Amino acid sequence: MSTYLTLALRYLNGRKLRTSLTTLAIVFGVLLIFGMNTVMPAFIGAFQANALAMAGQVDATITSKSGEAFPESVAETVAAVAGVRVVSGTLERGIGLPADFFDQDPATADRLTAVTLVGAVPDTIRSIASFNVLQGRFLEAGDGAVAVITESLADEAGLQLGDTLSLPTPIGLTDLTIVGLLPQRLLPGNEEVLVTLSEAQRLFNVPGQINVVDANFDTANEAARAQIEADIAAAVGGSFTIGVLQPGAEILTNIGTAQRIFTLLGALGLLMGGFIIFNTFRTIVAERRHDIGMLRAIGASRGTITGLILIEGLIQGVVGTAAGLVLGYGMGWLALAAVSQIGRQLLNIQVGAPVVTPGLVVLSVTVGVGVTLLAGLLPARAASRVTPLEALRPSIGALAWRRIAGLSFWAGVVLLAGAAAALVTGNAGLLALGSFLFIGGLILIAPALVNPIAGLFSRVLALAFARDGTAQLAEGNLSRQPTRAAVTSATTMIALAILVMAAGLITSLAITFTEMLENSLSSDYLLVPPTVAVWGVNTGASPTLAEDLRAVDGVDVVSSLRFAGTQINDVAVGLLGIEPQAYTQTSGLAFVEGDPETAFREIESGRGLIINGVLQASAGVKMGDDVTLLTPTGTVTYKVVGIASDYLNAKTTTGYLSQANIAADFGRAEDVFYQINLKPGADRAAVEAAFKQALQPYPQFKLVSGQEYVDQNRGIFDAAFAGIYAMVIFLAIPSLIAMINTLAIGVIERTREIGMLRAVGAARSQVQTVILAEALILAAIGTAFGLLTGLYLGYMATSAFAALGFPVTYAFPGQAMVVAVAVGLLFGAFAAIIPARQAARLDIIQALRYE
Amino acid sequence: MSLIQTENLAKVYGTGDTAVTALSQVNLKVDAGEFVAVMGPSGCGKSTLMHLLGGLDRPTQGRVMIDGHDLGDLPDQALTALRRRKIGFIFQFFNLIPVLNATENAALPLLLDGRPKAEAHRQAQAWLAKVGLGDRQHHRPDQLSGGQQQRVAIARALVAEPALVLCDEPTGNLDSRSSDEIAGVLRQAANEWGRAVVMVTHDPRIAAYADRIVFLKDGLVTDETVLDPQKSGNSALIETRMKAMA
């Protein structure tokens with residue numbers, strides 16, 4: 001065995017550049033699959049850590065499935081259940097803090113982006129959990145604007161016992177006197193600010209309401225505890241859950257989607273990697289025909305030869321996979337580092353290190369090594385069929401003209417038909433499968449299309465290189481080996497296909513998003529809370545703020561959003577309360593189904609709900625359906641009157657209803673987001689000054705002009721697009737190498753022929769021209785196929801978005817097509833440089849003698 | 001029974017109108033320790049004969065017996081094993097693996113046969129020393145001259161102690177001094193080491209090292225001449241015969 005290993009290593013070592021670049025293809029695929037899949041569990045882990053911390057040390061935590069508040073009486077219901085020893089009802093809400101709230105210093109990153117305000121009845125909460133007061137005292141019944149906080153929070157805010165802690169609340173900036181200090185917080189999750197229940201109810205404007213019931217049981221017996229939990233569930237009813245519901249649960253659904261998209265990209269990367277390896281191994285087998293023939297002549301069996309080639313594949317697969325794992329972990333780490341700030345601000349979670357599970361490692365290794373071995377298998381089998389006679393006779397540039405319309409051609413046609421069918425279904429899973437079918441089908445039918453396309457392009461080239469017949473020679477070289485020509489051009493095809501696909505998708509997304517962006521955020525001013533789109537963690541403002549804003553001279557319309565959480569068919573949903581009249585003047589929804597006027601009228605006149613595409617897809621709800629929404633007090637039925645979305649909430653499961661309904665059914669009257677239009681000719685400077693005045697008690701809101709906000713969001717897009725293009729380039733480099741490889745095989749196999757050409761008087765430049773022409777024809781074929789594939793894949797990708805509930809209008813990437821043609825042909829010319837020089841430099845005598 | 005024996009050996013390429021008879025009715029016997037040269041004009045069937053003797057190609061008719069085995073009866077695997085153990089090949093273009101050094105190249109047949117690496121390398125080095133390359137054991141092919149590369153190939157052909165060594169134009173790619181040296185080593189393989197050596201060549205001077213010359217024309221054996229290695233003028237004699245055939 002060691003002999004084969006030695007041979008494999010020496011061969012690989014002899015072609016360092018090629019080895020490393022082909023290995024790069026595997027590295028890239030594994031990196032994407034492994035890296036992205038380590039990020040997702042890190043997110044989930046952070047969510048769970050938060051949930052556990054919230055649940056604390058109690059036996060059971062009872063919350064509403066909607067995440068909303070409910071009457072204090074529920075705590076009594078729980079306490080009445082047999083086996084429940086003590087119960088504590090609390091009102092707990094996250095308060096997102098504006099940037100630089102405590103330190104007032106934009107230069108240093110904020111460590112605290114949110115705190116949780118906990119309103120509790122002092123005696124009952126002490127009966128359920130112990131509080132070790134280090135300084136001062138604990139809360140007492142009848143306390144007003146006082147708070148107990150941890151030492152770590154006090155340090156962070158630079159406060160001491162007796163100082164005042166200011167927090168943004170719906171009734172404005174509120175001052176709390178610190179009366180007690182607790183030990184530093186060790187659990188993950190937000191720092192807590194303890195106040196009395198009545199104070200919390202006053203601050204959040206929900207008198208008589210709590211949103212968490214903690215209970216301890218009087219038994220440690222597992223079966224008895226399960227019985228008690230079941231009894232509690234029965235007592236409180238179906239709209240409650242035992243356990244904790246997280247704000248931002250709807251974001252988890254999105255992370256899952258993103259993970260699937262990246263896994264698909266990784267799979268495409270690996271497919272391409274496998275193809276490049278396949279191509280390289282064909283080169284290897286062609287280069288070594290004589291070595292292999294000799295080995296067969298001196299007694300190596302077919303199995304030995306197959307094994308030899310496969311070992312080389314295995315080495316590349318193992319090395320590539322290992323590097324992919326390491327880089328993937330690094331990428332996961334970087335990605336998490338980049339989003340940890342956002343994670344804290346947006347979701348109030350502390351994202352940890354990438355999570356590596358044994359299963360993921362096994363999967364990545366299997367896929368990475370498996371693809372390499374699979375790609376090496378065909379060439380290895382071809383190698384084993386090299387007869388010992390190959391060692392004895394000079395290679396006779398394969399004269400057999402391949403029969404074209406063979407089995408593989410028809411198999412390709414079938415795959416393409418399957419891909420077309422997938423497009424019609426509009427099912428995301430089938431569409432992903434369709435993209436693989438399409439690429440596979442195109443590769444299979446490509447050999448049959450090489451001759452006609454090569455003929456066509458050689459005529460074009462003949463015009464360019466007139467007279468000397470080199471174009472015809474190049475065409476002849478290609479059409480006598482259509483399979484190899486197809487394989488070579490397929491490398492260009494895949495690279496360009498990905499480019500065109502990315503461009504198609506990005507253009508479509510950009511156009512759709514820009515339209516939505518301008519449609520929904522084009523108001524003159526916006527009041528933006530610390531976190532946008534994950535509304536639940538924001539502290540809004542009571543209706544008085546909106547009244548104050550309306551009173552400012554020059555203001556025409558003020559529209560606001562009110563948030564409540566709910567569940568539809570077990571899917572976490574964010575509800576946004578709007579006033580249709582004001583909303584349509586300052587913002588707007590992009591409708592996919594339903595008539596805007598009717599829909600807005602229906603949400604005002606009755607229990608009508610407009611849902612967005614993501615919600616439609618994930619909850620399986622259709623236009624016109626009656627849906628059951630969980631409320632703090634039970635359930636309520638709404639009718640779906642439209643499918644539409646705005647820009648900010650396009651990615652999360654969202655429903656829109658009237659502010660009257662959100663107040664009646666969910667008890668919410670708190671505004672979390674404002675859009676304001678001015679009267680024509682209003683004095684902007686004066687208006688802005690007045691706004692700032694009105695906003696002073698509400699530091700949680702930031703005043704921005706609509707245009708500024710739109711520009712900011714465009715910037716985010718541009719950055720994301722640049723990242724995607726960088727990935728495309730990443731994919732394109734290995735395919736360039738593959739093309740150089742295949743052109744090089746052509747030169748190796750035709751050494752004698754080139755020597756003959758030179759002997760009969762062809763100049764070096766003419767030999768170069770033949771190779772260049774060949775490369776250009778190949779690139780042209782690859783480009784043609786690549787454009788076709790890219791258009792399909794791009795269309796497929798936009799359809800997949802639609803299938804996932806996010807309708808995107810397909811935009812034809814015209815500019816990208818032109819770029820792709822230029823890149824494709826440049827590719828060909830560039831790939832030809834090395835082999836062409838190699839051919840031109842051949843010593844005539846040596847070449848003629850070449851066996 | 002001779003070491004190599006062919007019976008009415010024939011090879012036809014193609015069928016119908018395009019059929020070409022490369023070899024017909026060849027009855028050849030070669031004994032251990034005998035050095036036979038096969039000569040004839042281009043296209044006479046020399047190479048085809050070599051391929052059939054080495055089990056690289058299968059005859060259309062007749063049979064090839066090597067050391068009592070009928071090659072026609074053997075499946076691919078067994079034929080491969082037979083090549084590994086009983087036959088050594090020497091090619092015109094040396095055909096060494098470029099990434100392996102002299103010792104590793106020479107040791108290949110033993111390694112392919114599953115022998116331990118240390119033993120294989122020891123034997124390969126012993127053979128390299130016998131063919132006069134004791135001081136070039138760790139050189140790669142591109143660091144050796146043509147003559148030296150062909151010696152490595154000879155060491156590789158002999159390392160498994162085969163009964164038969166087949167050489168296809170072994171000096172076709174070498175200058176005359178190297179050619180003489182290589183022919184001398186082949187002579188030695190027959191005389192001292194007791195191998196049956198069959199060599200195809202164009203060169204009367206090299207053929208003169210053999211014990212016997214088999215002349216082929218149009219796929220038929222037209223003449224056989226036994227040489228007395230002690231006598232001078234053998235190469236002139238061969239040249240005369242060649243001209244008579246043409």
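Chain letters run A, B, ... following the sequence lines, proteins first, then strands; residues in each count from 1. Predicted model only: the values in this text are computed from it and were never measured.
- A pairwise comparison of heavy atoms in A:A297 and B:F91 identifies CB-CZ, 3.7 Å as the closest pair.
- At a 4.5 Å heavy-atom cutoff, the contact between A:T304 and chain B is made by side-chain atoms alone.
- Put simply, CZ on A:R10 and CG on B:N101 are 6.0 Å apart, with the number rounded to the nearest 0.5 Å.
- Heavy-atom pairs under 4.5 Å with chain A were tallied for B:L79, B:L166, B:L108, B:D76; the largest tally goes to B:D76.
- With a 4.5 Å cut-off on non-hydrogen atoms, B:R156 touches chain A through its side chain but not through its backbone.
- Rounded to the nearest 0.5 Å, atoms CG (A:L7) and CD1 (B:I97) are 6.0 Å apart.
- Heavy-atom neighbours of B:E119 CD from other residues, nucleotides or ligands within 6.0 Å: above the threshold of 12.
- Put simply, of B:Q77, B:E104, B:Q92, the one with the most heavy-atom pairs under 4.5 Å next to chain A is B:E104.
- For A:R837, the CZ atom counts as loosely surrounded, since its 6.0 Å shell holds 12 or fewer non-hydrogen atoms of other residues, nucleotides or ligands.
- Shown here for A:D291 and B:L96, the closest heavy-atom pair between the two residues is OD1-O, 4.0 Å.
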Discussion item. B:T80 vs A:R302, test: side-chain contact (heavy atoms from CB on, under 4.5 Å). Steps then yes/no.
Written reply: CA-CA 9 Å; B:T80 302; A:R302 282 167 196 267; over 6 Å; no
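- Distance check, rounded to the nearest 0.5 Å: CD1 of A:I298 to CG of B:L110 gives 9.5 Å.
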